[in-house]
Protein chains: 2
Amino acid sequence: MSVELDGTQRRMLAEMFALLGDPSRLGIVLSCRHQRRSVSDIAEASGLSMSLVSHHLRLLRTAELLKVEREGRYAFYSIADAHVEHMLDDMVDHVLHANGASRALSTQPGGT
Amino acid sequence: MSVELDGTQRRMLAEMFALLGDPSRLGIVLSCRHQRRSVSDIAEASGLSMSLVSHHLRLLRTAELLKVEREGRYAFYSIADAHVEHMLDDMVDHVLHANGASRALSTQPGGT
DNA sequence: CCTATAGTTGAACATTTGTTCAATTGTTTG
DNA sequence: CAAACAATTGAACAAATGTTCAACTATAGG
């Protein structure tokens with residue numbers, strides 16, 4: 001085990017991290033986790049303007065983190081595939097279980 | 001299953017993603033994965049100036065992704081804890097196994 | 001004590017990037 | 001066809017961020 005990544009893979013990974021590294025965008029992605037959502041839906045849920053949401057969605061679409069299904073005048077977004085979904089589950093899981101070691105401040109288990 | 005994150009947790013996760021989202025920084029972190037490394041060591045391995053590496057190390061240290069052990073005039077950096085290490089293993093794993101679904105172009109298994 | 005090595009720090013700069021606003025495309029319905 | 005709604009797009013702007021350079025601290029050795 002403990003394999004290394006080549007330059008291209010590192011850049012791919014970094015790009016993905018960077019995309020997920022913006023709070024607005026992470027919120028958008030997480031809101032599409034278990035159901036597909038229209039753009040206005042996402043906008044309302046996240047408190048962001050539809051324009052801004054659309055800009056972010058384009059990036060997430062291009063990076064193949066989200067996919068879109070168009071129906072009439074609506075566009076429904078959801079996680080691109082099982083691979084991405086699994087990865088997100090992992091990361092969410094990690095944050096939820098990050099109680100002991102790494103959190104120096106606010107070490108309070110079971111915080112809502 | 002399928003738990004949601006609150007605002008604070010989302011921001012924590014986003015911050016972590018953002019830190020790992022810079023190619024230089026990701027390289028630095030990955031180079032500290034399985035052995036501790038001195039700053040000059042990291043600088044040489046990554047092709048970055050020692051000053052820049054030091055700046056990045058401060059951020060990674062502050063976010064508790066890396067930890068430092070000082071010995072004499074040397075400073076050795078390594079992954080902060082098992083939790084972070086596991087998370088990185090996961091992500092590296094994901095990138096390595098991202099053959100089928102999400103890769104639209106260059107779908108060639110086993111590419112170096 | 002003086003020089004060399006290892007690392008950190010802060011200011012300054014250039015670039016990137018998130019956000020807003022207005023205009024535009026496409027679709028449905030009166 | 002016109003009006004309303006859903007979404008996309010591009011230009012422009014402000015703020016954040018990566019990088020460089022020079023100065024500085026600290027430890028080791030002659």
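This is a predicted model, so every value here is computed, not measured. Convention: sequence-line order gives letters A, B, ...; per-chain numbering from 1.
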- Considering only C/dT8, D/dT8, D/dT19, which nucleotide approaches the side chain of B/His56 most closely? D/dT19
- Task: Counting heavy atoms from C-beta on, name the nucleotide in D/dT8, C/dG7, C/dG18 closest to the side chain of A/Val39.
- Result: D/dT8
- Task: Could you walk me through whether A/Asp89 and A/Arg33 pass side chain to side chain contact (heavy atoms under 4.5 Å, CB included), step by step?
- Result: CA-CA 9 Å; A/Asp89 287 348; A/Arg33 267 221 297 167; 2.6 Å; yes
- Task: Measure from CD1 on A/Ile42 to P on D/dA6 and round the result to the nearest Å.
- Result: 14 Å
- Query: Below 4.0 angstrom from OP1 or OP2 of C/dG7, is there any side-chain N or O of B/Arg37?
  - Reply: no
- Query: Can B/His55 be said to stack with the base of D/dT19, given centres closer than 5.5 angstrom and planes under 30 degrees apart?
  - Reply: no
- Note on the structure: Residue pair B/Met50/A/Gly72 against DNA chain C: nearer the 5' end by closest nucleotide is B/Met50
- State whether A/Arg25 places a side-chain N or O below 4.0 Å from either non-bridging phosphate oxygen (OP1 or OP2) of C/dG18. yes
- Query: Nearest to the side chain of B/Arg58 - D/dT8, C/dT20, C/dT9?
  - Reply: C/dT9
- Task: Give the rounded distance in Å between these two atoms: CD of A/Glu15 and P of C/dT16.
- Result: 15 Å
- Rounded to whole angstrom units, what separation is found between the CD atom of A/Glu44 and the P atom of D/dA6? 11 Å
- Message: A side-chain contact here means heavy atoms from C-beta on lying under 4.5 Å apart; do B/His56 and B/Leu52 qualify?
- Response: yes
- Item | Nucleotide nearest A/Arg61 when distance is taken to its side chain, options C/dT19, D/dT8, C/dT8 | D/dT8
- Starting at CG of B/Leu26 and ending at C1' of D/dG18, how long is that distance when rounded to a whole Å? 15 Å
- Query: Looking across every strand, which nucleic acid part, if any, lies under 4.0 Å from A/Phe76 by heavy atom: base, sugar-phosphate, or nothing?
  - Reply: nothing
- Would you check, one step at a time, whether the test side chain to side chain contact (heavy atoms under 4.5 Å, CB included) holds for A/Leu66 with A/Ser78? CA-CA 5 Å; A/Leu66 294 185; A/Ser78 52; over 6 Å; no
- Choosing from D/dA7, D/dT9, D/dT19, which nucleotide comes nearest the side chain of B/Ser24? D/dT19
- Note on the structure: Closest of C/dG7, D/dT9, D/dG18 to the B/Asp22 side chain is D/dG18
- Within less than 4.0 Å of OP1 or OP2 of D/dT8, is there a side-chain N or O belonging to A/Tyr77? yes
- Regarding the side chain of B/Tyr74, the nearest nucleotide among C/dG7, D/dA6, D/dT19 is C/dG7
- Task: Return the orientation label for the A/His83 and B/His94 ring planes: parallel under 30°, perpendicular over 60°, tilted otherwise.
- Result: perpendicular
- Message: Is any side-chain heavy atom of A/Val84 closer than 4.5 Å to one of A/Leu88?
- Response: yes
- Item | Of the listed nucleotides D/dT27, D/dT8, D/dA6, the one nearest the side chain of B/Arg73 | D/dT27
- Can you tell me how far P of C/dT17 sits from CG of A/Leu19, to the nearest Å? 10 Å
- Task: Measure from NZ or CZ of B/Arg37 to the centre of the six-membered ring of B/Tyr77 and say whether it is under 6.0 Å with the direction within 45° of the ring axis.
- Result: no
- Message: So for A/Ser40 and D/dC5, does any side-chain atom that can act as donor or acceptor lie under 3.5 Å from a complementary atom in the base?
- Response: no
- Indicate, with a heavy-atom threshold strictly under 4.0 Å, whether B/Ser38 touches base, sugar-phosphate, or nothing. sugar-phosphate
- For B/Arg36 and C/dG7, what is the distance between atoms CZ and P respectively, to the nearest whole Å? 11 Å
- Item | For atom CD of B/Glu71 and atom P of C/dA6, their distance in whole Å | 15 Å
- Note on the structure: Per nearest nucleotide of DNA chain C, the residue lying toward the 5' end, A/Leu48 or B/Asp41, is B/Asp41
- Task: Could you tell me whether the side chain of B/Ser51 has a donor or acceptor atom within less than 3.5 Å of a complementary atom in the base of C/dT9?
- Result: yes
- Nearest-Å distance for atom pair CG/P, residues A/Leu66 and D/dT8: 12 Å
